Q: 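Okay, handing you the structure first.
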Amino acid sequence: MSSATEGSSGGTSGGAAAVATLRRLAPGVGLAVLLALVATGVQRASGIAGLSPLVIAMVLGMGLRNSFGALPGTQAGITFSMRRILRFAIILLGFQLTLSQVAAVGAQGIAVIVLTLVCTFLFTKAMGRAMGVERRLAELIAAGTSVCGASAVIATNTVTRGADEDVAYAIACVTVFGSLSMLLFPLLAGPLGLGPQSYGLWSGAAIHEVAQVVAAAFAQGAEAGQAGTVAKLSRVILLAPLILSLGFWAVRRGTGAGAEGGPVQAKAPMPWFVLGFIAVVALNSLVHLPDLWQGRMVTATAFLLTVALAAMGLETDFRKLRAKGLRPLALGALAWVFVSGLAYLLIRLFGITG
């Protein structure tokens with residue numbers, strides 16, 4: 001009798017915890033979903049195929065955040081949308097790709113991605129020292145620019161141990177400049193003479209956030225979108241070895257203490273959602289979904305990405321860029337120009353066309 005009572009009590013407390021979590025997440029997720037619905041409606045009403053609902057959602061979120069500030073009670077849901085929903089959407093993107101398409105990146109494409117990442121990270125760190133930007137903040141901006149935006153900033157800070165203000169500044173910085181790339185890259189594809197494959201590779205190798213790459217690459221069509229997604233996910237995979245390397249060097253030089261003076265925890269987080277994406281790509285290569293379900297999956301994935309972009313816009317506070325002065329902002333701008341220009345030059349140097 002006692003066991004039954006305890007089991008009933010455990011189930012009740014678990015249910016209460018689940019309800020409490022839902023109540024905590026609902027306002028922020030609901031706001032992001034609402035903006036995504038508005039963005040989708042605006043895109044459909046416009047009749048402009050190249051007008052991405054992802055971009056519209058980002059702009060709506062940024063406008064709302066910087067006009068009215070952070071809305072009370074929405075932070076938990078916004079964070080959930082930026083991380084969990086975004087990663088789940090990226091996993092679902094695997095249903096739009098096959099291993100034969102991944103192989104199309106080729107050795108030259110991988111070379112472009114690796115060289116761009118390594119050179120951008122080292123350039124940004126060097127420029128940070130030259131400009132007098134604090135080491136931890138410069139390292140976070142370098143990671144966010146060279147790898148995958150906010151996710152890289154947060155993951156890298158497990159080793160860098162910057163202050164909360166450094167993390168916030170770096171995230172705001174890479175979000176703003178990544179958003180500029182998301183808006184400008186589709187306009188530059190034609191003048192720069194880039195075809196779908198080379199444009200997708202350029203987007204995937206140079207734009208900060210995964211969702212920003214998806215928005216910019218798919219703006220030039222499905223072929224460019226798939227090429228950009230694969231290139232970007234190939235780049236995200238390099239986050240783990242980058243953080244392991246940073247942890248190793250932090251321990252070696254003895255300057256990896258945290259903001260509170262604590263020891264470095266050099267264990268690098270693994271971007272597990274990338275493994276999920278790869279697993280889904282493998283599954284999609286082996287098992288072909290019916291066209292009806294494939295279409296539904298594409299629609300669901302696009303909407304979830306739009307929700308994530310709305311949340312990202314809601315997190316972009318222009319005041320965070322002003323709080324630490326203009327030098328870190330200038331560093332982020334230089335890194336943005338460098339990564340964009342280097343990726344393009346490497347594509348030309350390797351003679352990648354199509």
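All values reported here derive from a predicted model rather than from experimental measurement. Throughout, numbering of the chain's residues begins at 1 and tracks the sequence. When reading the values below, keep in mind they use all heavy atoms of this one structure, side chains included, and skip hydrogens, waters and symmetry mates.
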Q: Give a yes or no on whether Ile207 and Leu305 share a hydrophobic cluster (residues Ile, Leu, Val, Met, Phe, Trp, Tyr; joining criterion: side-chain heavy atoms under 4.5 Å apart).
A: yes

Q: Is Val213 reachable from Met182 through a run of I, L, V, M, F, W or Y residues, each pair having side-chain heavy atoms under 4.5 Å apart?
A: yes

Q: Which pair of heavy atoms, one from Thr160 and one from Glu139, lies closest together, and at what distance?
A: OG1-OE2, 2.6 Å

Q: Is Ile171 linked to Val339 within one hydrophobic cluster, defined over Ile, Leu, Val, Met, Phe, Trp and Tyr using a side-chain heavy-atom separation of less than 4.5 Å?
A: no

Q: Should Val298 and Leu92 be regarded as members of a common hydrophobic cluster, given that ILVMFWY residues are connected when their side-chain heavy atoms come within less than 4.5 Å of each other, either directly or indirectly?
A: no

Q: List in chain and number order the residues that pass side-chain contact (heavy atoms from CB on, under 4.5 Å) with Ala227, two or more places apart in sequence or in another chain; answer none if no residue qualifies.
A: Gln197

Q: What distance separates Leu117 CG from Cys148 SG, expressed to the nearest 0.5 Å?
A: 9.0 Å

Q: Which heavy atom of Phe185 sits nearest to which heavy atom of Ser203, and what is that distance?
A: CD2-OG, 3.9 Å

Q: Test Trp336 against Ser181 for side chain to side chain donor-acceptor pair (under 3.5 Å), laying out the working first.
A: CA-CA 8 Å; Trp336 169 54; Ser181 291; 2.5 Å; yes

Q: Using the rule that Ile, Leu, Val, Met, Phe, Trp and Tyr join whenever any side-chain heavy atoms are under 4.5 Å apart, tell me whether Trp293 and Phe88 fall into a single cluster.
A: no

Q: Can you tell me how far apart OG1 (Thr74) and CG (Leu25) are? Round to the nearest 0.5 Å.
A: 11.5 Å

Q: Taking side-chain contact (heavy atoms from CB on, under 4.5 Å) as the test, write out the residues that go with Val118, two or more places apart.
A: Val114, Leu122

Q: Test of understanding: with side-chain contact (heavy atoms from CB on, under 4.5 Å), list the residues that count as partners of Glu315, not counting sequence neighbours.
A: Arg65, Gln75, Ile78, Met82

